2 protein chains.
Amino acid sequence: MRRPTLNDVARAAGVSYATADRVLNNRGSVSGKSRRRVQQAIADLGYVRDQQAANLSRRRQFQFRFILPIGNHSFFQALHAAVAEEAPVQRGDRVDLSIVGTPALNADAQAAALDAVGEDCDCVAVVATRTERVTAAIRALDARGIGVITLVSDAAPEVRRAYIGIDNRTAGRTAGRLMEIAHGARAGLVLPIVGALQASDHRDRLDGLHDALAGTMPAIEILPAISVQDRADLMRDMLPRALAARPDISGIYSIGAGNRGLLEVLARHRGPRPFTIVHELTPVTREGLSGGLFDAVIDQKPAQEVRRAIEVMKAIATGNAWRDPARDITPAIYVKENMPLEGGSPRAL
Amino acid sequence: MRRPTLNDVARAAGVSYATADRVLNNRGSVSGKSRRRVQQAIADLGYVRDQQAANLSRRRQFQFRFILPIGNHSFFQALHAAVAEEAPVQRGDRVDLSIVGTPALNADAQAAALDAVGEDCDCVAVVATRTERVTAAIRALDARGIGVITLVSDAAPEVRRAYIGIDNRTAGRTAGRLMEIAHGARAGLVLPIVGALQASDHRDRLDGLHDALAGTMPAIEILPAISVQDRADLMRDMLPRALAARPDISGIYSIGAGNRGLLEVLARHRGPRPFTIVHELTPVTREGLSGGLFDAVIDQKPAQEVRRAIEVMKAIATGNAWRDPARDITPAIYVKENMPLEGGSPRAL
DNA sequence: CAAAAATTGATTGACGTCTATCAAACCCCC
DNA sequence: GGGGGTTTGATAGACGTCAATCAATTTTTG
């Protein structure tokens with residue numbers, strides 16, 4: 001019951017190993033008859049190429065580079081940690097991961113990091129900004145034969161090979177639906193809080209919120225978004241004023257970061273607490289969920305995205321097909337009860 | 001910049017390949033001095049054993065068996081499909097998956113399937129029932145050196161190596177929290193629908209619902225559960241009567257299967273529609289979500305569970321440590337907006 | 001029919017690790 | 001310092017595939 005090798009295939013097809021190899025890897029010239037017999041034998045025996053032996057023989061070693069924003073956002077830190085955690089595991093499978101950090105939202109730095117990718121690199125994943133410079137840099141890399149995928153934040157779709165990340169408009173719609181559920185069939189007033197409206201992901205989420213709440217009856221209205229630059233201090237400053245101005249606010253949708261400030265403001269808030277949705281599972285948002293100050297977290301599961309990215313990068317590097325990631329990467333909804341445990345250290349046998 | 005091999009390590013440590021190998025795989029006898037020098041060299045060079053070459057050389061081939069319930073429940077079909085889909089992929093990585101179906105909820109058949117596992121099998125995953133016979137069968141397998149993990153439904157924790165699946169009580173609590181959110185701060189009446197209360201997963205979910213809604217103010221009350229045996233026809237029969245008996249029902253929590261019937265009943269239902277939560281993303285529940293008759297689906301992401309199970313089985317078979325799956329396997333909440341697309345065919349390059 | 005071209009077979013040496021064997025070198029103890 | 005045990009080195013043949021070479025055979029072509 002040993003699994004068949006290419007030698008078995010050759011024997012079954014009545015040809016030499018060399019010919020079977022030529023068919024399998026279509027190289028050299030093979031007559032139609034031999035080709036058919038080999039393919040038949042492959043089908044009959046259920047032969048599947050041993051990837052591990054193949055990789056060994058080809059001395060195939062993948063170099064993948066992740067270009068990630070650095071910054072004190074917990075989300076980026078989590079993303080970074082997720083890549084770092086995969087590195088030693090992948091190392092044993094002949095895949096080397098390297099990480100380059102760039103200042104967040106800096107298109108020049110990103111383009112520079114892309115340009116700096118060496119020839120030995122097989123594929124690049126970048127948390128992209130959608131700018132001319134980055135588009136050009138990605139195109140240049142592709143011309144050098146190095147595929148680029150985008151992670152978390154997309155670039156121009158025509159230049160990258162795949163995008164691994166959630167659709168932010170969908171995320172916003174999901175938040176809107178939760179708002180609607182939380183309002184029952186009552187009217188309401190939702191305050192969106194963004195980092196900056198220039199950021200396309202924030203804008204998309206806000207658009208999604210509008211999509212979902214348009215035409216609710218009775219109406220759930222949406223206030224103009226306040227911008228806190230993803231900073232907790234600005235949140236502490238601006239949010240109380242906004243809440244004071246409109247005491248009838250029944251929902252808060254925090255689209256970006258700075259949620260430490262949000263948490264503090266809500267803790268001090270008098271009166272009925274607005275239904276509060278925030279983004280990304282981080283220490284702060286976990287605290288908010290457990291403490292009951294945040295009602296729901298919309299998360300993109302960065303660790304899963306990273307694993308998925310590596311899968312797709314392998315497929316690109318080997319020229320195989322891959323599953324369209326858009327199908328299974330959707331924003332996750334966490335409430336207090338289904339929030340996953342933090343950490344997750346390996347358990348000894 | 002080739003990655004270091006064990007030969008490089010030996011050279012750096014100033015010992016022979018044989019000695020380095022003895023240290024790495026601790027076999028034979030090695031002096032403390034040599035051992036230290038080799039370990040130092042491993043650390044210095046950042047040597048990581050090439051798993052693929054190692055597997056090849058050991059002719060390590062894993063045989064994993066999945067023992068799954070058969071039945072016309074879409075969930076089990078999805079689980080089956082998920083395993084079947086992984087099979088060819090894993091095949092290329094020297095892992096053979098085989099599936100054995102047993103009649104659902106039949107402990108004898110399950111125990112028989114466990115007993116029938118051959119010596120060449122390295123690890124077994126079973127959707128278990130928590131019964132004496134199954135416990136004994138698992139223990140017997142373990143005694144033969146074949147580890148057993150449970151999938152989706154747990155057995156006695158002391159006999160299995162790991163459980164891959166959601167905590168059903170948590171799932172029930174999650175449903176309860178959604179109910180609470182949907183009720184705003186209003187009173188309500190929730191009707192739970194189970195397959196059978198003997199099934200521990202259904203009982204756990206129901207308990208979770210009670211946990212979450214206990215002490216809500218004003219009270220959200222929970223009716224006694226009706227049992228529809230996971231059958232759509234019984235659902236069509238019993239549910240309308242239950243709804244007629246208590247027109248003030250404001251929420252429905254469908255804990256098991258038979259949701260085709262639920263969908264039809266809700267479509268015909270007059271008056272305000274109860275907030276409806278169901279389990280498992282299947283064609284029927286997708287339809288319910290898109291059509292707006294179901295409000296939320298709690299899903300256990302079977303495909304992800306299967307991949308996770310294979311990972312853990314590999315770790316068990318090789319004697320490595322594995323991550324505690326309980327940390328990241330939590331019930332997912334889907335609403336209409338964040339529901340993943342069906343299918344997910346591979347995309348060509 | 002002969003020459004040219006296409007196809008095939010046989011073989012070889014990697015790739016990095018595992019496993020085993022045998023002889024040589026070293027250590028400790030009496 | 002000699003004997004017994006322990007540690008070490010050197011080496012070789014797998015594992016399944018890749019990639020290449022060269023000679024032998026078949027087919028095509030003029």
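None of the values given here were measured: they were computed from a predicted structure. Order of the sequence lines sets the chain letters (A, B, ...), proteins ahead of strands, with each chain counted from 1.
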Query raised in the report: Using a heavy-atom cut-off of 4.0 Å to chain A, what are the terminal contacting nucleotides of DNA chain C, in 5' to 3' order?
Result: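 The footprint of chain A covers C/dT7 to C/dG16.
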Report task. Scan B/L6 against the nucleic acid and name what it touches under 4.0 Å (heavy atoms): base, sugar-phosphate only, or nothing. Result ->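 Sugar-phosphate only.
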Query raised in the report: Is B/N25 touching bases, backbone alone, or none of the nucleic acid, heavy atoms closer than 4.0 Å?
Result: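 Sugar-phosphate contact only.
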Rounded to the nearest angstrom, tell me the gap between atom [atom1] in [X] and atom [atom2] in [N].
{"X": "B/R60", "N": "D/dG16", "atom1": "CZ", "atom2": "C1'", "answer": "17 Å"}
{"X": "A/N55", "N": "D/dC18", "atom1": "CG", "atom2": "C1'", "answer": "11 Å"}
{"X": "A/D8", "N": "D/dC15", "atom1": "CG", "atom2": "P", "answer": "11 Å"}
{"X": "A/L56", "N": "D/dA19", "atom1": "CG", "atom2": "P", "answer": "12 Å"}
{"X": "A/L24", "N": "D/dG16", "atom1": "CG", "atom2": "P", "answer": "15 Å"}
{"X": "A/R27", "N": "D/dC18", "atom1": "CZ", "atom2": "P", "answer": "7 Å"}

Query raised in the report: Of B/R91, B/Q90, B/R65, which meets side chain to side chain donor-acceptor pair (under 3.5 Å) against B/D96?
Result: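 Of all the options given, the one that passes is B/R91.
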Going by an N to O cut-off under 4.0 Å, is there a salt bridge joining [X] and [Y]?
{"X": "B/D142", "Y": "B/R160", "result": "no"}
{"X": "A/R308", "Y": "A/E311", "result": "yes"}
{"X": "B/K314", "Y": "B/D122", "result": "no"}

Query raised in the report: At how many degrees, to 10°, do the end axes of the helix from C/dC1-D/dG30 to C/dC30-D/dG1 meet when each uses five pairs?
Result: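 If I round to tens, the end axes sit 30° apart.
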Pairwise side-chain contact, [X] with [Y], heavy-atom cut-off 4.5 Å (strictly under):
{"X": "A/N26", "Y": "A/R22", "value": "no"}
{"X": "B/L68", "Y": "B/F76", "value": "no"}
{"X": "A/I164", "Y": "A/V312", "value": "yes"}
{"X": "A/Q51", "Y": "A/N55", "value": "yes"}

Report, one pair per line, the protein and nucleotides 7-14 of chain D atoms (nitrogen or oxygen only) whose separation is under 3.5 Å.
from, atom 1, to, atom 2, distance (Å)
D/dT7, OP2, B/S29, OG, 2.9
D/dT8, OP1, B/S31, OG, 2.4
D/dT8, OP1, B/S34, OG, 2.3
D/dT8, OP2, B/S31, N, 2.8
D/dG9, OP2, B/S16, N, 2.8
D/dG9, OP2, B/S16, OG, 3.1
D/dG9, OP2, B/T19, OG1, 2.8
D/dG9, N7, B/R22, NH2, 2.9

Report task. Apply side chain to side chain contact (heavy atoms under 4.5 Å, CB included) to A/V159 and A/V148, showing your working. Result -> CA-CA 8 Å; A/V159 295; A/V148 177; over 6 Å; no
Query raised in the report: Do B/Q63 and B/S98 have side-chain N/O donor and acceptor atoms under 3.5 Å apart?
Result: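 Side chains of B/Q63 and B/S98: no pair found under 3.5 Å.
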Query raised in the report: Given A/T318 and A/F62, is the side chain to side chain contact (heavy atoms under 4.5 Å, CB included) satisfied, shown in steps?
Result: CA-CA 9 Å; A/T318 54; A/F62 296 124; 3.4 Å; yes
